[in-house]
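Notes for the one structure printed next.
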There are 2 protein chains.
Amino acid sequence: MKYGPDWQPPEVDWTSTRGRILLAAASLFAARGFFGTSTRDIADAVQIRQPSLFHHFEAKHAIYQSLVELDLGPSVARIRQYLAEDISWAAKLHLTIACDVRQALDQPFDSRGLYQDAVLSLPELADERAGIAVFHELVERVVTAGCEAGEFVAFEPGFVQRAMNGVLFETLREQGGPGGRVRGRRPLEAADFVLRALLVDNGDLADLQAATMARLTAIPRGRG
Amino acid sequence: MKYGPDWQPPEVDWTSTRGRILLAAASLFAARGFFGTSTRDIADAVQIRQPSLFHHFEAKHAIYQSLVELDLGPSVARIRQYLAEDISWAAKLHLTIACDVRQALDQPFDSRGLYQDAVLSLPELADERAGIAVFHELVERVVTAGCEAGEFVAFEPGFVQRAMNGVLFETLREQGGPGGRVRGRRPLEAADFVLRALLVDNGDLADLQAATMARLTAIPRGRG
DNA sequence: GTCTATAATAGGATAGAC
DNA sequence: GTCTATCCTATTATAGAC
């Protein structure tokens with residue numbers, strides 16, 4: 001099942017025409033939005049003719065769909081893994097945020113144009129809506145458990161999930177997407193910001209930072 | 001000057017055709033985005049013919065522009081006022097966040113479809129881009145001063161401004177816009193979340209809450 | 001101030017040659 | 001796998017009657 005425990009998105013050869021379409025479309029979606037980008041714009045950027053796109057993707061929304069899969073799939077997989085590990089709830093959340101920011105800054109395509117409600121409400125993107133709902137549910141589970149364990153103060157989990165997403169998205173918007181000069185500390189800063197808001201005892205933060213940093217540096221960089 | 005110290009948006013009669021166009025357009029922009037909403041969609045919702053729109057607004061983007069003015073104008077005016085008051089930096093920021101959320105939930109139109117980079121990059125919306133930049137600059141000024149005064153921990157002001165915006169926007173998305181059952185505590189929760197992340201001493205939070213609450217209840221409600 | 005009629009263009013997608 | 005040619009629809013906006 002898509003976005004299920006054993007699913008992962010198909011590999012992409014970024015030098016192939018299909019890969020270059022995805023890269024160009026992602027940049028255009030980020031700059032002008034899905035509806036503000038025409039298939040001609042994308043084709044021009046890849047230097048092919050507009051109808052040739054439809055040999056690689058059945059429709060415009062399929063390009064967007066593939067990009068969401070590539071961005072969301074690993075995020076869902078990671079938080080599933082952290083949930084299974086024997087670490088504190090705070091550590092699970094800190095890792096989730098930091099690794100999500102790090103992935104978005106490391107991956108070759110720009111993810112800032114994805115996750116727009118107006119696009120996701122297209123009927124063809126039902127799987128992606130469901131996948132996002134799964135991610136949100138897993139985050140809420142961590143927040144709820146962290147509250148019950150006394151690690152977090154009592155905000156509503158739904159609110160926290162939203163607030164965390166807001167911090168995540170805006171951090172990416174600020175960074176200007178892949179290719180910008182990455183501020184290396186942003187993944188940790190974003191995670192620290194959210195955890196400081198949640199933690200009952202901010203004294204725990206230094207340990208979280210050290211643990212997350214150790215695992216962040218273990219992620220392969222520069223895939224693009 | 002638009003969005004300057006003495007500027008405020010023109011009053012709107014929400015029962016007039018012009019007002020009803022703004023209300024309908026705001027809801028549609030929130031649900032399907034600016035580019036995903038056609039002038040026909042808006043006209044249908046107001047029960048007039050599509051060309052009649054152009055008697056009230058010179059172009060589609062002028063509708064969007066008016067909505068941004070109505071939402072952003074009061075926000076900029078408020079933060080200017082808080083900057084002039086003799087209260088702590090933390091109080092200025094707490095008030096800014098809480099009152100912004102409260103306004104968005106109280107005003108008659110849905111503001112969730114505004115502030116999209118893809119739309120704001122239209123050349124006709126240069127004033128609105130500038131207005132948003134002014135708001136961001138004023139927020140950063142509060143954050144920077146709060147850090148220097150030792151009230152806030154040392155995050156980068158630009159990052160904090162982004163994170164705060166993310167929390168703001170996502171809080172509104174969660175609430176479902178005006179007309180949804182407003183969770184009365186959301187303005188305070190959003191402000192608390194950001195201030196907890198920033199404050200060196202979380203013990204100051206209770207005072208902030210009390211001060212903000214006193215001024216929030218003084219805002220007239222139910223304009224819609 | 002709202003209407004009908006229509007201009008002018010841009011959009012996504014298909015057919016079929018090479 | 002890419003091309004040219006083209007279809008069909010939707011879109012923003014204008015003209016001019018009432």
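Numbered from 1 within each chain, the chains take letters A, B, ... in sequence-line order.
- Under the 3.5 Å distance criterion, the side-chain polar atoms of Ser52(A) are left unmatched by any main-chain donor or acceptor of Ile48(A).
- Relative orientation of the Phe34(B) and Tyr64(B) rings is perpendicular, given thresholds of 30° and 60° on the angle between their planes.
- At whole-Å resolution of the value, CZ in Phe57(A) and P in dT2(D) are 12 Å apart.
- When the P atom of dT2(D) is taken as reference, atom CG of Asp44(A) falls 15 Å away, rounded to whole Å.
- The interatomic distance linking Gln50(A) (CD) with dC8(D) (C1') rounds to 13 Å, in whole Å.
- Between Glu156(B) and Arg185(A), none of the side-chain N atoms (NZ, or NE/NH1/NH2) sits under 4.0 Å from a carboxylate O, so this pair counts as no salt bridge.
- Between the OH atom of Tyr64(B) and the C1' atom of dT12(D) there is a distance of 18 Å, given to the nearest Å.
- The phosphate of dT12(D) (OP1 or OP2) has a side-chain N or O of Thr39(B) nearer than 4.0 angstrom.
- Across dA13(D), dA13(C), dT2(C), the shortest atom-to-atom separation from the side chain of His55(B) is found for dT2(C).
- Along DNA chain D, the nucleotide nearest Ile48(A) and the nucleotide nearest Pro51(B) are compared for position; the residue whose nucleotide lies closer to the 5' end is Ile48(A).
- Between Phe159(A) and Phe193(B), the ring-plane angle classifies as perpendicular under the 30° and 60° cut-offs.
- Rounding to whole angstrom units, CZ of residue Arg20(B) and P of dT2(C) are separated by 8 Å.
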For this session: Would you please test Asp117(B) and Arg112(A) for salt bridge (Lys or Arg N to Asp or Glu O under 4.0 Å) and show each step?
Result: CA-CA 10 Å; Asp117(B) 288 343; Arg112(A) 290 172 297 161; over 6 Å; no
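- Summarising the geometry, the separation between CZ on Phe35(B) and C1' on dA10(D) is reported as 16 Å, rounded to the nearest angstrom.
- At least one side-chain nitrogen or oxygen of Ser52(A) sits closer than 4.0 Å to the OP1 or OP2 atom of dC3(D).
- Contact check, Thr17(A) against dG1(D): no side-chain N or O comes under 4.0 Å of OP1 or OP2.
- When the C1' atom of dT4(D) is taken as reference, atom CZ of Arg49(A) falls 9 Å away, rounded to whole Å.
- Residue His56(A) has its side chain nearest to dT2(D) when only dA15(D), dG12(C), dT2(D) are considered.
- Nearer the 5' end of DNA chain D, as judged by each residue's closest nucleotide, is the contact made by Arg40(A), out of Gly36(B) and Arg40(A).
- Rounded to an integer number of Å, the gap from Glu124(A) CD to dG12(C) P is 14 Å.
- Looking at heavy-atom distances under 4.0 Å, Ser16(A) makes no contact with the nucleic acid at all.
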